[in-house]
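Heads up: the structure comes next, in structure tokens.
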Amino acid sequence: MTLTTAVEIRKPLLEDGKKIWRLIKETKVLDLNSAYYYTILCKYFTDTCVVAEENGEIVGFISAFREPTEMRSIFVWQVAVDQSQRGKGLASSLLQGLLKRKECSDINYLDTTISPSNEASKALFQKLANTLKTKMVETEILHPSLFPNENHELEQTYRIGPFHQELGGGKQ
């Protein structure tokens, strides 16, 4: 299946926060933060977060931020895609849309964490590395003992890069 033209990929608006919170909640696999958290992302991190909207509904979301101590790197925190859009390439389109932004034109590395059981996420980021003609390497492990809930899975940190903006950057 291919991504429909009815899906608009854009920067989040302040009023998207509650819809993003619902999307994350409905995935039932991502850590759900407070509705306030998603609203703050929409207010202060619009340059590095991405939403996909179809018929007034948020059907995809990426939360990301530039690493304060390493400004040439972006950390992708959550990638969420509504069940109705899975298998259509929306997550890849969201990632590429993020990297195409003029605000990200000087980014050379993308960092993320992926739990070992999340094969789909690992495949998504490996595909991005391949598209960018670079590598994806594991850099560290966040042990479950670092998290307050007893059943939190290990998180592996991955770095994609170095890469140059070959995705047609400078838009959005």
Would you find a donor on one side and an acceptor on the other, under 3.5 Å apart, between the side chain of S73 and the backbone of E67?
-> no
Contact summary for C42 and G17, nearest pair of heavy atoms | SG-N, 3.7 Å
R72 side chain vs Y109 backbone, donor-acceptor pair below 3.5 Å | no
For F163 and I107 the tightest heavy-atom approach is CE1-O, 3.5 Å
Could you tell me the separation between the OG atom of S84 and the CD atom of E57, rounded to the nearest 0.5 Å?
-> 9.5 Å
Pairwise distance CE(M71) to CG(D106) - rounded to 0.5 angstrom = 7.5 Å
Without swapping roles, check the side chain of R10 against the backbone of E53 for a donor-acceptor pair under 3.5 Å.
-> no
When rounded to the nearest 0.5 angstrom, what is the spacing between NZ in K28 and CD in Q83?
-> 10.0 Å
Starting from the C-alpha separation in whole Å, work towards a yes-or-no answer on side-chain contact (heavy atoms from CB on, under 4.5 Å) for T113 and F75.
-> CA-CA 9 Å; T113 58; F75 180 82; 4.1 Å; yes
Just how far is it from atom CG of L95 to atom OG1 of T131, taken to the nearest 0.5 Å?
-> 10.0 Å
Kindly indicate whether the side chain of K122, heavy atoms from C-beta on, has any atom under 4.5 Å from the side chain of M136.
-> yes
Heavy-atom distance under 4.5 Å between the side chains of D16 and F61, does that happen here?
-> no
Under 3.5 Å donor-acceptor, T157 side chain and T139 backbone = no
Hey, mind stepping through V50 and R101 against side-chain contact (heavy atoms from CB on, under 4.5 Å) and telling me if it holds?
-> CA-CA 10 Å; V50 186; R101 289 184 179 166; 3.6 Å; yes
Heavy atoms, side chains only, cut-off 4.5 Å: are L41 and N33 in contact?
-> no
Taking the side chain as every heavy atom from C-beta outward, state whether I114 and Q156 have any pair of such atoms under 4.5 Å apart.
-> no
Please lay out, stage by stage, how Y37 and W77 fare under the test ring pair (Phe, Tyr, Trp, His ring centres under 6.0 Å).
-> CA-CA 13 Å; Y37 165 84; W77 194 337; 5.4 Å; yes
Given the rule that I, L, V, M, F, W and Y join up when any side-chain heavy atoms are under 4.5 Å apart, are I40 and L32 in one cluster?
-> yes
Spacing of CD belonging to E70 relative to CG belonging to D111, to within rounding of 0.5 Å = 6.5 Å
Does one hydrophobic cluster hold both V79 and V29, with members joined at side-chain heavy-atom distances below 4.5 Å?
-> no
Of L98, D47, T46, the residue whose pairing with E103 passes side chain to side chain contact (heavy atoms under 4.5 Å, CB included) | D47
Common cluster, I24/L124, ILVMFWY with side-chain heavy-atom separation under 4.5 Å = no
Main-chain N/O of I160 paired to T134 side chain as donor or acceptor, under 3.5 Å = no
Kindly compute the distance separating CG (N108) from CG (L132), expressed to the nearest 0.5 Å.
-> 10.5 Å
Going through the distances and angles, do L110 and Y158 end up as a side-chain contact (heavy atoms from CB on, under 4.5 Å)?
-> CA-CA 8 Å; L110 182 146; Y158 291 90; over 6 Å; no
Please tell me if the side chains of Q126 and N130 come closer than 4.5 Å, counting only heavy atoms from C-beta onward.
-> yes
Is it true that L14 and I20 fall in one hydrophobic cluster, defined by side-chain heavy atoms closer than 4.5 Å?
-> no
Measure from the side-chain N and O atoms of W21 to the backbone N and O of S34, and report whether any donor-acceptor pair falls under 3.5 Å.
-> no
Evaluate the side-chain proximity of V59 to L23: yes if any heavy-atom separation is below 4.5 Å, no if none is.
-> no
Taking C-beta and beyond as the side chain, do Q78 and T27 meet within less than 4.5 Å on heavy atoms?
-> no
Nearest heavy-atom contact between C49 and P12 is O-CD, 3.2 Å
Report, as yes or no, whether the 6.0 Å neighbourhood of atom CZ on F65 holds more than 12 heavy atoms from other residues, nucleotides or ligands.
-> yes
Identify the heavy atoms of L90 and G60 that sit nearest to each other, and give their distance.
-> CD2-CA, 4.2 Å
Is it true that V51 and Y38 fall in one hydrophobic cluster, defined by side-chain heavy atoms closer than 4.5 Å?
-> yes
Closest contact, heavy atoms only, R66 versus C104 = NH1-CA, 4.4 Å
